[in-house]
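Notes to accompany the following structure.
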Amino acid sequence: MAAPSSTCWPLDSHTIGKHQVLQSYMQAWLPILSSGFPRLMFIDGFAGPGEYKCGSPGSPIIALDALIQHSYKKHISSQVDFYFLEKDESRINHLTNLVKTRFPKLPSNVNVHFIHGVFDASVTELLNQIQLQSSRQLPCFAMVDPFGVTDNAMDTMARVLANPKSELYISFMYSFINRFKVTPTFENSLDSLFGCPDWREGRNIADQEKRKEFFYNLYKQQLKRSGATEYGGPHCQDSKPTNLS
Ligand SMILES: C[S@@+](CC[C@H](N)C(=O)[O-])C[C@H]1O[C@@H](n2cnc3c(N)ncnc32)[C@H](O)[C@@H]1O
């Protein structure tokens, strides 16, 4: 899929599945983590505009609803900070207005932060600031749902995973990796994405399924090296979410 240029774009079936997983995961993660920690973070690193052309909610709204509509809401007493990061100005503006319209009065334990910036730099800065405030990383659920292979470095995943209670929900962008694997201008991005140069071996694998599996397994291995301990995602499938904690 080519990245859309309009502020909002049509919803596709794989996004519906991704949103269902996000919703049910957040509904479980929030009360479980809230019982042990006074403050939690949700980072939507590639937040988008918050809605699709048809009006269906995007991941930031789904995450907020998972808390605000939660049947155990009154038992979720932790402070929950939602950070919505987005590179595109029209999309972050759209999202900001949408959240203000849909949630005119947020519960007192919920804070929403809108960050117009790029994922790697913004998450690094955010985690540095939080570490200064609290001397250790907070439990975090981070959704990493990019359109391509740039700006979602393995080093950033390692920063999130520095807290063993943190979880990553990653869309593994196989079709972009496969397309850009022989494009010289994307070599640095792929080095950062995988956190190693070994992805180049995938260029020599002729069989499509084996190549896909190679890239997927390498990425999984690198996440484990970065601190991920458990794997809860599907097998190698194009653009399907990978969930590691
Ligand atoms: C796949 S869409 C996100 C969809 C959203 N997560 C949802 O499920 O509703 C990817 C978004 O990332 C934004 N984006 C692209 N590069 C980015 C970067 N380096 N940092 C942050 N956001 C970026 C795009 O503008 C786009 O809105």
Side-chain angles (χ1 to χ4, degrees), residues 1-27 29 41-67 82-99 102-103 112-127 140-157 159-160 167-177 179-180 185-186 188-193 233 237-243:
M1 168 184 123
S5 55
S6 52
T7 304
C8 300
W9 58 91
L11 181 66
D12 61 29
S13 58
H14 111 258
T15 303
I16 295 173
K18 186 169 68 185
H19 288 166
Q20 283 167 348
V21 173
L22 174 67
Q23 183 188 37
S24 45
Y25 208 93
M26 285 296 284
Q27 279 172 347
W29 188 80
M41 296 170 77
F42 172 85
I43 300 177
D44 195 337
F46 296 80
E51 65 178 340
Y52 288 78
K53 270 219 160 115
C54 57
S56 283
S59 53
I61 304 296
I62 289 167
L64 277 168
D65 267 338
L67 172 51
F82 289 83
Y83 294 91
F84 299 137
L85 278 51
E86 172 55 54
K87 175 179 166 185
D88 182 285
E89 194 175 2
S90 73
R91 291 180 185 149
I92 193 77
N93 288 342
H94 191 97
L95 176 62
T96 308
N97 291 331
L98 186 68
V99 169
R102 279 183 79 128
F103 307 100
V112 180
H113 312 263
F114 301 94
I115 302 176
H116 177 212
V118 292
F119 177 74
D120 283 335
S122 305
V123 169
T124 304
E125 196 186 321
L126 178 61
L127 295 181
C140 167
F141 184 100
M143 180 163 182
V144 183
D145 182 27
F147 273 144
V149 295
T150 50
D151 243 325
N152 48 107
M154 191 56 68
D155 283 352
T156 312
M157 308 305 159
R159 275 304 304 274
V160 175
E167 310 225 7
L168 286 169
Y169 182 37
I170 302 172
S171 299
F172 182 68
M173 306 308 282
Y174 172 70
S175 58
F176 286 92
I177 294 168
R179 191 183 323 154
F180 296 132
T185 46
F186 279 95
N188 288 343
S189 296
L190 289 167
D191 283 342
S192 299
L193 179 83
Q237 282 177 21
D238 195 11
S239 294
K240 284 282 171 72
T242 295
N243 159 18

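Throughout, numbering of the chain's residues begins at 1 and tracks the sequence. Both backbone and side-chain heavy atoms feed into the values below; hydrogens, waters and symmetry mates do not. Note that ligands are numbered from 1 as they come in the structure, with each ligand's atoms numbered from 1 the same way.
Contacts with ligand 1 closer than 4.0 Å are made by side-chain heavy atoms of Arg91 only, the backbone lying farther away. Counting heavy atoms under 4.0 Å from ligand 1, residue Ser122 does not touch it at all. With a 4.0 Å heavy-atom cut-off, ligand 1 is reached by the side chain of Asp151 but not by its N, CA, C or O.
Under the 6.0 Å cut-off for aromatic ring centres, Trp29 and Tyr169 do not qualify, their centroids lying 6.0 Å or more apart.
Every atom of ligand 1 with a heavy atom of Tyr52 under 4.0 Å away is listed here by number and element: 4 (C), 7 (C), 8 (O), 9 (O). When each atom of ligand 1 is checked for a heavy atom of Gly58 under 4.0 Å away, the hits are 9 (O). Shown in contact with Gly48 at under 4.0 Å from a heavy atom are these atoms of ligand 1, numbered in order with element: 27 (O). Those atoms of ligand 1 that come under 4.0 Å of a heavy atom in Phe119, given as number and element, are 18 (C), 19 (N), 20 (N), 21 (C).
At least one heavy atom of Trp9 sits under 4.0 Å from some atom of ligand 1. Under a 4.0 Å heavy-atom criterion, Gly45 is in contact with ligand 1. Ligand 1 has at least one atom lying under 4.0 Å from a heavy atom of Gly117.
Taking every heavy atom of both residues into account, Thr7 and Arg91 meet most closely at O-NE, 3.2 Å.
In this structure a side-chain-to-backbone donor-acceptor pair under 3.5 Å is missing from Arg102 to Asn97.
Considering backbone and side-chain N/O of Phe46, one or more are found under 3.5 Å from N/O of ligand 1. Of the polar atoms of Asp88, none of the N or O atoms is found under 3.5 Å from an N or O of ligand 1, judged by distance alone. For Lys87, a nitrogen or oxygen atom sits less than 3.5 Å from a nitrogen or oxygen atom of ligand 1, counting backbone and side chain alike.
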Donor-acceptor pairs under 3.5 angstrom involving side-chain atoms of residues 43-56: please list them, not counting sequence neighbours.
| unit_1 | atom_1 | unit_2 | atom_2 | d |
| --- | --- | --- | --- | --- |
| Asp44 | OD2 | Ser59 | OG | 2.6 |
| Glu51 | OE2 | His94 | NE2 | 2.7 |

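Taking only non-hydrogen atoms, the option from Met173, Glu89, His19, Glu86 nearest to atom 25 (O) of ligand 1 is Glu86.
At a threshold of 4.5 Å between non-hydrogen side-chain atoms, the residues Val99 and Phe82 do not count as touching. Between Trp9 and Thr15 the shortest side-chain heavy-atom distance does not fall below 4.5 Å.
Between Phe42 and Phe141, the ring planes lie parallel to each other; the angle is under 30°, not in the 30° to 60° tilted range.
One distance of note links CZ of Phe103 with CG of Leu67; it measures 9.5 Å at 0.5 Å rounding.
Pairs passing the side chain to side chain donor-acceptor pair (under 3.5 Å) check and including a residue from residues 141-153, sequence neighbours excluded, read Lys18-Asp145, Asp145-Ser171.
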